[in-house]
Amino acid sequence: MKELKVKRIESGTVIDHIPPGQAPNVLKILGIRGGSKEVVSMVMNVVGKTGKKDIVKIENRELAEDELDQIALIAPNATINIIRDYEVVEKYKVTPPDFVEGVVKCSNPNCISNTNEPIVPKFLVERKKPVVLRCMYCERKITEDIAKYLM
């Protein structure tokens, strides 16, 4: 017998195909924390057709483009489903942006962006799958665990 682990939502956004264990980081990007008023369902390590994945459902909220760009940094294969009246009305994959500013901190502790200088961290997205970021100040590359450097 099949069972539904998470109920359907009437309207909002479903983020599917998040790498296993990254759903909490997606919530961090979206500013959703304990005490938040949004109704959120988070499922981790669900077995899908292509292996394990996480899924996040957010009721009554459609995501802004900058939020989608940030999610693409840690989940470049994520799929976004826009739900209205219990139906998927839009479905698309996220795409990492070409450039990010003020989203990720540099992994180089000696980078000028990590000092007390009033400088906003800026990165060129050097590769989109897998995501590789290059600091515009010190040239240090972030090639893995980008979520660790989210601001």
Side-chain angles (χ1 to χ4, degrees), residues 1-107 113-114 119-137 140-151:
M1 177 180 211
K2 291 185 178 186
E3 63 182 69
L4 186 62
K5 292 184 179 188
V6 180
K7 74 177 187 93
R8 294 174 27 181
I9 61 174
E10 183 177 353
S11 66
T13 304
V14 176
I15 308 162
D16 197 358
H17 304 289
I18 302 168
Q22 291 296 322
N25 291 319
V26 169
L27 296 180
K28 179 180 177 182
I29 287 169
L30 300 176
I32 298 172
R33 300 186 181 9
S36 181
K37 293 182 185 197
E38 284 129 326
V39 176
V40 176
S41 300
M42 177 176 71
V43 183
M44 297 178 66
N45 297 313
V46 176
V47 177
K49 293 176 185 171
T50 59
K52 288 187 176 183
K53 64 181 179 177
D54 290 358
I55 302 169
V56 173
K57 294 183 177 188
I58 307 151
E59 292 188 32
N60 302 315
R61 179 172 170 187
E62 292 184 18
L63 305 182
E65 191 168 333
D66 64 321
E67 293 172 319
L68 296 172
D69 287 348
Q70 292 175 49
I71 290 169
L73 295 176
I74 63 168
N77 295 315
T79 302
I80 306 299
N81 296 283
I82 305 300
I83 312 297
R84 295 189 191 123
D85 294 321
Y86 296 102
E87 298 292 327
V88 176
V89 295
E90 279 184 70
K91 182 174 185 165
Y92 53 91
K93 290 190 172 283
V94 295
T95 305
D98 295 325
F99 179 80
V100 291
E101 182 174 335
V103 174
V104 178
K105 65 181 181 178
C106 186
S107 62
S113 67
N114 285 327
I119 294 175
V120 176
K122 298 177 184 179
F123 290 86
L124 177 67
V125 178
E126 206 166 81
R127 189 173 32 181
K128 297 192 178 200
K129 287 187 184 178
V131 175
V132 174
L133 304 177
R134 183 169 43 89
C135 178
M136 299 297 290
Y137 300 108
R140 171 82 56 104
K141 292 182 182 181
I142 301 176
T143 58
E144 55 188 40
D145 203 13
I146 292 171
K148 178 177 167 184
Y149 300 102
L150 289 172
M151 296 177 68

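FYI, the numbering just counts along the sequence from 1.
Pairing each heavy atom of Lys105 with each of Met151, the nearest pair is N-CG, 3.7 Å. Annotation for Tyr137 and Pro121: closest pair CE1-CA, 4.2 Å, computed over non-hydrogen atoms. For Val125 against Pro96, the heavy-atom pair with the smallest separation is CG1-CB, 4.4 Å. Considering every non-hydrogen atom in both Lys57 and Val14, the closest pair reads CG-CG2, 3.7 Å. Minimum interatomic distance between Asp54 and Gly21 (heavy atoms only, all atoms of both residues): OD2-N, 2.8 Å. Taking both residues in full, the closest heavy atoms of Ser107 and Arg140 are given as OG-CG, 3.2 Å, listed atom of the first, atom of the second, then distance.
Side-chain contact between Arg84 and Glu62 is present, with at least one heavy-atom pair separated by less than 4.5 Å. Ile146 is not listed as a side-chain neighbour of Phe123, based on a closest heavy-atom distance of 4.5 Å or more. At a threshold of 4.5 Å between non-hydrogen side-chain atoms, the residues Met42 and Pro24 count as touching. No side-chain heavy atom of Lys53 sits less than 4.5 Å from a side-chain heavy atom of Met44. Taking 4.5 Å as the limit, some side-chain heavy atom of Lys128 sits within range of a side-chain heavy atom of Asp98.
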Checklist line | Thr79/Ile15 under side-chain contact (heavy atoms from CB on, under 4.5 Å): CA gap, chis, key distance, verdict | finding: CA-CA 6 Å; Thr79 302; Ile15 308 162; over 6 Å; no
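Annotation for Asp85: atom CG does not count as buried by contact number, only 12 or fewer foreign heavy atoms lying within 6.0 Å. Residue-environment remark: NZ (Lys93) exceeds the threshold of 12 foreign heavy atoms within 6.0 Å. By the 6.0 Å contact criterion, NZ on Lys148 is open, its count of non-hydrogen atoms from other residues, nucleotides or ligands being 12 or less.
Atom CG of Leu73 and atom CG of Leu68 lie 11.5 Å apart (nearest 0.5 Å). Once rounded to the nearest 0.5 Å, the distance linking CZ of Arg134 with CG of Leu124 reads 5.0 Å. Distance check: Ile74 CD1 to Leu150 CG gives 6.0 Å after rounding to the nearest 0.5 Å. In this structure, His17 NE2 and Ile80 CD1 are separated by 10.5 Å, a value rounded to the nearest 0.5 Å. Going from atom CG of Leu30 over to atom CG of Asn25 covers 11.0 Å, rounded to the nearest 0.5 Å. Note that CG of Asp16 is 11.5 Å distant from CG of Asn77, once rounded to the nearest 0.5 Å.
Here the rule is side chain to side chain contact (heavy atoms under 4.5 Å, CB included) with Thr13, and of Asn60, Val56, Ile83, Ile82 only Ile82 fits it.
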